[in-house]
Student: 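Structure provided below as structure tokens; questions to follow.
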Amino acid sequence: MPHHPSMYVSPLFPLLAFLNAYAGSVLALACAGRLRTRGLRTGWNWLVGGAISLGCGIWGMHFIGMLGYSSGEGRPRFDLALTGVSLVVAVAIVGFGLLVTYLHPHWYTLLAGGIVTGLGISAMHYIGMAAMHLAGTVSYTPRTVTLSVAIAVVTATAALGTALASLGTWATVGAGGLMAISISTMHYTGMMAVTVSPNDQVVVRGVEGPSLIVPLFLCFSLELLMVGFAVVTTPLLPEDDFGAASAGHAFSRGFGR
């Protein structure tokens with residue numbers, strides 16, 4: 001008989017998943033702020049760093065959460081190829097979303113960037129779900145899937161808007177929290193759309209969840225160490241441009257036009 005699984009065997013996994021999303025989001029928005037004050041020509045490396053940070057934050061949140069996932073059909077296994085594809089897709093799409101949002105801040109670029117980023121979060125989630133194999137047939141409630149995507153778009157737009165309004169540390173920290181909430185809320189809403197039907201004919205292939213722990217740990221650690229070190233040791237504004245107007249003021253002027 002089809003059923004909605006009880007989902008998570010321990011609150012530890014959702015907590016660790018959220019912290020991963022939060023760290024990745026804060027680093028990504030800090031990188032994006034440096035892209036904004038430098039421009040693409042000299043700040044392209046910050047775009048790359050931001051895309052990798054946010055992509056890893058989304059990807060890590062999903063799979064750390066899924067390590068604690070259980071259904072009546074047993075613990076899932078994961079297709080490594082699709083799991084890798086989900087990471088690449090996340091990095092590429094959210095990177096484009098950050099580029100659109102931060103390069104020339106305006107209300108319509110914020111809206112476009114929020115939509116792209118929200119779709120990137122959603123794409124990673126559902127490709128990641130396609131990588132999950134269970135001893136049963138997985139189906140989705142279309143309405144709940146649509147709601148999960150809408151939540152991702154709206155909350156990601158709010159997070160990017162908050163970060164753009166001021167590039168200060170506390171604004172970035174707060175906006176990172178909003179982005180982490182966006183990622184997590186989309187994920188758990190999407191999981192509420194899942195129904196698992198027993199199917200003895202399904203052959204479960206792939207690696208077990210614990211096999212993902214090492215790459216997840218390495219991904220998260222490299223993200224924190226490399227990008228975090230670069231953010232801490234690099235001023236928000238270029239050394240020869242401390243007199244420039246803040247990106248937040250430029251963004252506000254953009255709303256006025």
Student: Using side-chain heavy atoms (C-beta onward) and a distance below 4.5 Å, is Met66 in contact with Phe78?
Tutor: yes
Student: Tell me if a side-chain donor or acceptor on Thr233 pairs with a main-chain N or O of Phe229 at a distance below 3.5 Å.
Tutor: yes
Student: Below 4.5 Å, heavy atoms only, C-beta onward: do His187 and Phe18 meet side chain to side chain?
Tutor: no
Student: So, taking the atom named CZ in Arg38 and the one named CH2 in Trp44, what distance separates them when rounded to the nearest 0.5 Å?
Tutor: 13.5 Å
Student: For residues Leu178 and Ala159, report the shortest heavy-atom separation together with the two atoms involved.
Tutor: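 Looking at all heavy atoms of both residues, the shortest contact is CB-CB, 3.7 Å.
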Student: Is Met124 close to Val89 at the side-chain level, that is, under 4.5 Å between some pair of heavy atoms?
Tutor: no
Student: Start with the C-alpha gap between Val231 and Val26, add the side-chain angles, then the distance that decides, and say whether side chain to side chain contact (heavy atoms under 4.5 Å, CB included) holds.
Tutor: CA-CA 10 Å; Val231 166; Val26 171; over 6 Å; no
Student: With rounding to the nearest 0.5 angstrom, report the CD1 to OG distance, Ile121 to Ser182.
Tutor: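 The OG atom of Ser182 is 4.0 Å from CD1 of Ile121, to the nearest 0.5 Å.
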Student: Please check if the side chain of Thr109 supplies one atom and the backbone of His104 the other of a donor-acceptor pair under 3.5 Å.
Tutor: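 Present.
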Student: Does the side chain of Ile52 come within less than 4.5 Å of Val48's, by heavy atoms?
Tutor: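 Yes, their side chains come closer than 4.5 Å.
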Student: Do you see a donor-acceptor pair shorter than 3.5 Å between the side chains of Ser148 and Tyr188?
Tutor: no
Student: Thr117 and Phe96: side chain to side chain contact (heavy atoms under 4.5 Å, CB included), yes or no, with the steps?
Tutor: CA-CA 8 Å; Thr117 302; Phe96 183 65; over 6 Å; no
Student: For a 4.5 angstrom cut-off between non-hydrogen side-chain atoms, does Thr101 reach Leu164?
Tutor: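 Side-chain contact under 4.5 Å: yes.
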Student: How close do Ser53 and Leu27 get, counting heavy atoms only, and between which atoms?
Tutor: OG-CB, 3.9 Å
Student: Treating Trp59 as the side-chain partner and Thr83 as the backbone partner, does any N or O pair qualify as donor plus acceptor under 3.5 Å?
Tutor: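 A pair under 3.5 Å: yes.
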Student: With a 4.5 Å heavy-atom cut-off, do Val138 and Val194 have their side chains touching?
Tutor: yes
Student: Compare every heavy atom of Gly57 with every heavy atom of Asn20, then report the nearest pair and how far apart it is.
Tutor: ND2-O, 3.0 Å
Student: For a side chain to side chain contact (heavy atoms under 4.5 Å, CB included) check, start with the C-alpha distance between Leu98 and Leu47, then their side-chain angles and the critical distance, and finish with the verdict.
Tutor: CA-CA 7 Å; Leu98 292 175; Leu47 174 62; 4.2 Å; yes
Student: Taking Arg34 for its side chain and Gly43 for its backbone only, find out whether a donor-acceptor pair lies under 3.5 Å.
Tutor: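 Such a contact is absent between Arg34 side chain and Gly43 backbone.
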Student: Identify whether Tyr22 and Val91 are in the same connected component of the hydrophobic contact network (ILVMFWY, side-chain heavy atoms under 4.5 Å).
Tutor: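 Hydrophobic grouping puts Tyr22 apart from Val91.
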Student: Hey, are the side chains of Thr234 and Trp46 touching, using non-hydrogen atoms and a 4.5 Å cut-off?
Tutor: yes
Student: State, with a plain yes or no, whether a side-chain heavy atom of Leu54 is found less than 4.5 Å away from one of Met179.
Tutor: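 Yes, close enough: below the 4.5 Å cut-off.
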